[in-house]
Protein chains: 2
Amino acid sequence: MIPDELDPLRSATPRARQIVDAARGLLEREGWDRVTMRDLADEVGIRAPSLYKHFANKDAVKAVLVGVALAESGAALRPVTDVASLLAAYRAIARAHPDLYRLATVGPLDRDALPAGLEEWSGAPFFEVTGDPHAAQALWAAAHGMAILEIDGRFPTGTAPDETWAELASKFA
Amino acid sequence: MIPDELDPLRSATPRARQIVDAARGLLEREGWDRVTMRDLADEVGIRAPSLYKHFANKDAVKAVLVGVALAESGAALRPVTDVASLLAAYRAIARAHPDLYRLATVGPLDRDALPAGLEEWSGAPFFEVTGDPHAAQALWAAAHGMAILEIDGRFPTGTAPDETWAELASKFA
DNA sequence: GTCTATACAAAGATAGAC
DNA sequence: GTCTATCTTTGTATAGAC
């Protein structure tokens, strides 16, 4: 699915992979703020100081998880067919792994910590479906707005109705 | 501009207002994570524990600031004319006070801590300009997606081009 | 690479005196 | 309502044994 050279775990040791897996589990159960280095070490079965032999700090763990999120998202959005299907796939990703989605999309992005080309590859489906860079960015931003507001429970009704997603799709169809 | 009964500072004591003002200043200079109860107290000229005589905890300070942000946003979006002007006003708010915008729009919303009706009043311009609840929600979500990605520097080019905002406006015109 | 032990600096929060 | 003193959690880090 994802090109080998874009895999954020490409050169990770088995132990590093294990740590990332554990971090993802904790993240999806508790949210990033509640992932502590101590709990992460517990989950792996080692002591907290040992984590620093594999990752410089907590942010380095986060960077890999962000890469994983972008890679999985880019894969799930392919192959590209039409706007409605793309939006449906995008929504599904955010709802399936809300904390991972949040981690990868909220706040600044440390681009230097990502495999070169991954960010672009992850967003390319929006260009493919619109055929125009500005329309692609606008559609991506709209999809993100819908997704993040939905998983954060910000829509007054509690969850975003299917009709609102359909309305958005109709505008860009 | 804003109805009196929606004012989040309506029943605040002078000291509480002073604390909120100081918190806003710190927020806009440093971001919410760097607003500490100690720094906030310093700014006001008292000791950190004294803050807890005026606010239950840091989240209670945040709740008032979120209310202030919603109130100012709702005021700045009025009067409503057309989609393009509404989006321009929305974008201007986010760019003028990015950390306040983030505080009010990122993550879950503690609705119980807000004046009743404020959230709805703040978002009503989107209903006014579209005349349809689903289109209003979709437009609001799209505007938020654009705004938050722009102030977080998430657009690959660095900042969202005016053309992308124009593209979005054209879809909902 | 892992462990134990230890340390330190934020940061939110509380208890109790005045 | 303000103070001083104190507690806890957490990220981060080091030293040194195995």
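Chain letters run A, B, ... following the sequence lines, proteins first and then strands; every chain starts at 1. Keep in mind that what you see is a predicted model, and the values were worked out from it rather than measured.
- Atom CG of A:D42 and atom P of D:dT10 are 12 Å apart (whole Å).
- Both A:K53 and B:T13 sit near DNA chain D, but only B:T13 has its closest nucleotide nearer the 5' end.
- Separating the NZ atom of B:K62 from the C1' atom of C:dG12 is a distance of 15 Å, rounded to the nearest angstrom.
- Projected onto DNA chain D by closest heavy-atom contact, A:A56 and A:D39 fall at different nucleotides, the more 5' of which corresponds to A:D39.
- Atom CZ in B:F55 sits about 20 Å away from atom P in C:dA11, given to the nearest Å.
- In this structure, the CZ atom of B:R34 is 18 Å from the P atom of D:dG11, given to the nearest Å.
- A distance-only check finds a donor-acceptor pair linking the side chain of A:R17 to the backbone of A:A12 [under 3.5 Å].
- Taking only side-chain nitrogens and oxygens, B:Y52 comes nearer than 4.0 Å to OP1 or OP2 of C:dA13.
- Between A:R15 and the phosphate of C:dT2, there is a side-chain N or O to OP1/OP2 separation shorter than 4.0 Å.
- Residue B:R34 places its CZ atom among 12 or fewer non-hydrogen atoms of other residues, nucleotides or ligands, all under 6.0 Å distant.
- With rounding to whole Å, A:W32 atom CH2 is found 14 Å from D:dT10 atom P.
- In this structure, CG of B:L40 is placed 16 Å from C1' of C:dA10, rounded to the nearest angstrom.
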Which is it for B:R38 and B:E43 under the salt bridge (Lys or Arg N to Asp or Glu O under 4.0 Å) test, yes or no, and what are the steps along the way? CA-CA 9 Å; B:R38 285 169 176 82; B:E43 194 88 351; over 6 Å; no
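- Taking for each of A:R38 and B:D59 the nucleotide of DNA chain C with the nearest heavy atom, the 5'-most of the two is the partner of A:R38.
- Here A:T36 does not reach the OP1 or OP2 of D:dT9: none of its side-chain N or O atoms lies under 4.0 Å away.
- Under the 6.0 Å distance and 45° angle rule, A:R154 does not count as a cation-pi partner of B:W140.
- The side chain of B:K58 has C:dG12 as its nearest neighbour among C:dG12, D:dT12, C:dA15.
- If you check D:dC3, C:dA5, D:dT12 against the side chain of A:N57, the one that comes closest is D:dT12.
- With respect to the salt-bridge test (charged N to carboxylate O, under 4.0 angstrom), the residues B:R102 and B:D99 qualify.
- Rounded to whole Å, the distance from CZ on A:R47 to P on C:dT4 is 4 Å.
- Atoms CG (A:D33) and P (D:dT10) sit 11 Å apart, rounded to a whole Å.
- Here B:V61 lies out of heavy-atom contact (under 4.0 Å) with every strand.
- Using a 4.0 Å heavy-atom criterion, one finds that A:S50 contacts the bases of the nucleic acid, with or without backbone contacts as well.
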